[in-house]
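Remarks on the structure that follows.
Just so we're clear, the structure is a prediction, and the values are computed from it rather than from any experiment.
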Amino acid sequence: MHHGVWLLATSATPSPSATTVDPNLVTPGPWGFAVIALIGFAVIALVWDMLRRIRRGRYRAEVREQLDAEALADRQGAAAERDSETDDEDVDTDDDPGR
């Protein structure tokens, strides 16, 4: 077994031939450009749509918070008005020692 490994290690390695590469075979060409441009436009459209949806959700949350605050203020105002009203029959002016 050591002899086989030694033969593989000492055998001559083939050298690459001096051929030239055709530049038309290594460039993506017009179809590659079209595909990459289409992917780029799709990414831009998706980001644009995502930002629009996030903005719309944020505006809806702000309006919802504002409506909740107004409803709370109305409830508090109605409760304060109810608490401030007194019934005339409950007021007894004869028992007032200062009069």
Side-chain angles (χ1 to χ4, degrees):
M1 173 143 156
H2 294 316
H3 184 55
V5 173
W6 181 77
L7 280 175
L8 286 174
T10 58
S11 64
T13 58
S15 61
S17 61
T19 60
T20 59
V21 178
D22 186 14
N24 292 328
L25 295 177
V26 270
T27 60
W31 286 105
F33 174 77
V35 168
I36 296 298
L38 184 65
I39 290 172
F41 288 134
V43 167
I44 289 171
L46 286 173
V47 168
W48 190 301
D49 183 56
M50 179 189 63
L51 289 174
R52 184 175 53 96
R53 290 174 186 264
I54 290 172
R55 192 177 312 120
R56 185 184 307 154
R58 189 176 19 146
Y59 290 152
R60 286 181 179 170
E62 288 176 3
V63 168
R64 196 174 307 123
E65 287 176 3
Q66 188 177 19
L67 290 174
D68 289 343
E70 289 175 3
L72 179 63
D74 288 343
R75 284 194 305 265
Q76 288 176 345
E81 186 177 326
R82 245 182 296 124
D83 293 341
S84 67
E85 292 178 354
T86 57
D87 192 5
D88 291 337
E89 296 173 5
D90 292 341
V91 177
D92 191 9
T93 57
D94 294 337
D95 294 337
D96 192 14
R99 286 189 131 189

Donor-acceptor contacts under 3.5 Å from residues 64-79 side chains, at least two apart:
none

Margin query: Would you compute the distance between atom CZ of Arg56 and atom CG of Leu51 and round it to the nearest 0.5 angstrom?
Written below: 12.5 Å

Check: Any side-chain hydrogen bond (donor to acceptor under 3.5 Å, both in side chains) pairs touching residues 28-52, not counting sequence neighbours?
Finding: Asp49-Arg52, Asp49-Arg53

Margin query: Just to verify, what does Ile54 make a side-chain contact (heavy atoms from CB on, under 4.5 Å) with, not counting sequence neighbours?
Written below: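 Testing Ile54 for side-chain contact (heavy atoms from CB on, under 4.5 Å), a comparison that skips the adjacent residues, returns Met50.
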
